[in-house]
Amino acid sequence: MKVHLLWKKEEIDPSQITEDKLAVLFDVLLATSTITTCLAYGANQVIPFMNAQEAHAAKEGWNDQNDICIAGEYNGQTLSGMLAPTPLALRDQVKEKTVLLSTTNGTVAIRQAAQANKVYIASLLNSKAVADAVIQEYNGETILVICSGSGDQFNMEDFYGAGCFIHQLVTAAEEAVDLSDSALAASIFYQNTSNQAESILSAAKVGRKMLAYGLGDDLHYISQINFLDVVPQLVSRERIKLR
């Protein structure tokens, strides 16, 4: 079982995302934590978009507007005509609905990785559940753990979340796991700080912005490791549903 980590979405080479790859996506603050929460709280599906224009076009073409909710941000600012894409803002509004979601980094990374044989959506909230699913469904693929990053920059919270997942994957696997240096570094970082999730997220650049915006409750919620036992998976390369 080979595991490699990409530091940011800009490292994704679509020509290399092929049927022999299995992708696990992280945008801990916020997209993958939000997607995981929406599906755990009863959303039918989440559709990730590259940008707000795509999301609004999908909304306009939807037959029953009562069946959807649209959420999104760009560079941390909630987009016009959309709900704030934070877990606590959405979890009580999404039951039995389709969530149309556009974010600066996470939804873009998901779309860029869509050609992989399987694509899972992971966060601290559901790390163990995704690790267990990967082990159950692994079929010889190279596992790409993809950190979305932020604006072409590495970010600490995705690295921490990826390390949490990789540590739990290695712990649970019944076969040898061959980690690239980047994957090993993430695992070591997590193991050395495993009881400091909220402190790590709060110290990260995006975490500091969230605190400044009054989103401390969301930050606390997102920091809960293995709080949700759900596995979001991209199906038909465009819709995210529970496995």
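- Heavy atoms only, all atoms of each residue included: P232 and N126 are closest at CD-ND2, 3.3 Å.
- Put simply, the side chain of S236 never gets that close to the backbone of E238: no donor and acceptor are under 3.5 Å apart.
- Checked by atom type and distance alone, the side chain of T103 pairs as donor or acceptor with a backbone atom of G106 at under 3.5 Å.
- Judged by distance alone, the side chains of N44 and K97 never bring a donor and an acceptor atom under 3.5 Å apart.
- Across all non-hydrogen atoms, the minimal contact from I17 to A113 is CG2-O, 3.5 Å.
- Taking E137 as the reference, R243 meet the salt bridge (charged side-chain N to carboxylate O under 4.0 Å, His left out) condition, with sequence neighbours excluded.
- For I135 against A173, the heavy-atom pair with the smallest separation is CD1-N, 3.6 Å.
- Annotation: side chain of T142 is not in contact with side chain of D20 (no heavy-atom distance under 4.5 Å).
- Between atom CD1 of residue I222 and atom CG of residue L124 there is a gap of 9.0 Å, rounded to the nearest 0.5 Å.
- In the hydrophobic clustering of this structure, F154 groups with L6; members are Ile, Leu, Val, Met, Phe, Trp, Tyr whose side-chain heavy atoms approach within less than 4.5 Å, directly or through other members.
- Closest non-hydrogen pair, A133 versus V231, comes out as CB-CG1, 3.9 Å.
- Tracing side-chain contacts under 4.5 Å through hydrophobic residues (I, L, V, M, F, W, Y), one reaches I188 starting from F159; they form part of the same cluster.
- No donor-acceptor pair under 3.5 Å is formed between the side chain of Q16 and the backbone N or O of I12.
- Closest approach of P48 to L234, counting heavy atoms only: CG-CD1, 4.5 Å.
- Partners of Y138 under the side-chain contact (heavy atoms from CB on, under 4.5 Å) rule, at least two apart in sequence or in another chain, are M1, E141, I143, E175.
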side-chain contact (heavy atoms from CB on, under 4.5 Å) between K118 and Q233, intermediate numbers included: CA-CA 8 Å; K118 300 181 186 75; Q233 184 172 359; 4.0 Å; yes

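- With sequence neighbours left out, the side-chain contact (heavy atoms from CB on, under 4.5 Å) criterion links E198 to S202, H220, S223.
- Counting heavy-atom neighbours within 6.0 Å of D13 CG, excluding the residue itself, gives a total above 12.
- Dense packing is recorded around CG of D178, with more than 12 heavy atoms of other residues, nucleotides or ligands lying under 6.0 Å away.
- Residues forming a side-chain contact (heavy atoms from CB on, under 4.5 Å) with E19 (at least two apart in sequence, or on another chain): N117, R237.
- Summarising the hydrophobic clusters (Ile, Leu, Val, Met, Phe, Trp, Tyr; side-chain heavy atoms under 4.5 Å, direct or chained), the residues clustered with V108 are M50.
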Working note: I240 + Q45, criterion side-chain contact (heavy atoms from CB on, under 4.5 Å); need CA distance, chi angles, decisive distance, verdict. CA-CA 6 Å; I240 303 166; Q45 60 184 351; over 6 Å; no

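- The list of side-chain hydrogen bond (donor to acceptor under 3.5 Å, both in side chains) pairs with a residue in residues 143-153, not counting sequence neighbours, reads K8-D152.
- Here the SG-CD distance, from C69 to Q93, works out to 7.0 Å after rounding to the nearest 0.5 Å.
- Residues meeting the side-chain contact (heavy atoms from CB on, under 4.5 Å) test with A183, sequence neighbours left out: V3, L5, I166, L179, S180.
- The structure places CG of L22 at 8.0 Å from CG of L144, a figure rounded to the nearest 0.5 Å.
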Tell me which donor-acceptor pairs under 3.5 Å the side chains of residues 204-213 have, and how far apart each pair is, sequence neighbours excluded?
{"unit_1": "R208", "atom_1": "NH1", "unit_2": "A203", "atom_2": "O", "d": "2.7"}
{"unit_1": "Y213", "atom_1": "OH", "unit_2": "Q77", "atom_2": "NE2", "d": "3.2"}

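- Donor-acceptor pairing under 3.5 Å is recorded for the side chains of T104 and E73.
- Atom CG of N226 sits in a crowded spot, with more than 12 heavy atoms from other residues, nucleotides or ligands closer than 6.0 Å.
- Counted within 6.0 Å of CG on D64, heavy atoms from surrounding residues, nucleotides or ligands total more than 12; the atom is thus considered enclosed.
- L242 and F227 fall within a single hydrophobic cluster, where Ile, Leu, Val, Met, Phe, Trp and Tyr side chains are chained together by heavy-atom contacts under 4.5 Å.
- Here M82 sits in one hydrophobic cluster together with I47, F49, W62, I68, I70, Y74, L79, L100; the rule is ILVMFWY side chains under 4.5 Å apart, joined directly or through other members.
- Rounded to the nearest 0.5 angstrom, L83 CG and L101 CG are separated by 10.5 Å.
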Intermediate values then yes/no, salt bridge (charged side-chain N to carboxylate O under 4.0 Å, His left out), E54 and K59: CA-CA 9 Å; E54 278 191 6; K59 177 179 182 293; over 6 Å; no

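- For the pairing with F26, the side chain to side chain contact (heavy atoms under 4.5 Å, CB included) check across V145, N155, I146 returns one residue only, V145.
- Take H167 and apply the ring-ring contact (aromatic ring centres under 6.0 Å, His included) test, not counting sequence neighbours, and it matches Y190.
- Every residue two or more places apart in sequence or in another chain that forms a salt bridge (charged side-chain N to carboxylate O under 4.0 Å, His left out) with K128 is listed here: D132.
- We find the OG-CD distance between S102 and Q53 to be 8.0 Å, quoted to the nearest 0.5 Å.
- Interatomic distance, Y160 OH to F165 CZ, rounded to the nearest 0.5 Å: 16.0 Å.
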Intermediate values then yes/no, side-chain contact (heavy atoms from CB on, under 4.5 Å), T18 and Q115: CA-CA 6 Å; T18 52; Q115 298 301 313; over 6 Å; no

What pairs of donor and acceptor atoms, side-chain ones from residues 33-42 against any protein atom, are under 3.5 angstrom apart with sequence neighbours left out?
{"unit_1": "S33", "atom_1": "OG", "unit_2": "V28", "atom_2": "O", "d": "2.7"}
{"unit_1": "T34", "atom_1": "OG1", "unit_2": "L30", "atom_2": "O", "d": "3.2"}
{"unit_1": "T34", "atom_1": "OG1", "unit_2": "P85", "atom_2": "O", "d": "2.8"}
{"unit_1": "T36", "atom_1": "OG1", "unit_2": "T32", "atom_2": "O", "d": "2.8"}
{"unit_1": "T37", "atom_1": "OG1", "unit_2": "S33", "atom_2": "O", "d": "2.8"}
{"unit_1": "T37", "atom_1": "OG1", "unit_2": "Y221", "atom_2": "OH", "d": "2.8"}

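- Scanning both residues, G149 and D158, for their nearest heavy atoms gives N-OD2, 3.0 Å.
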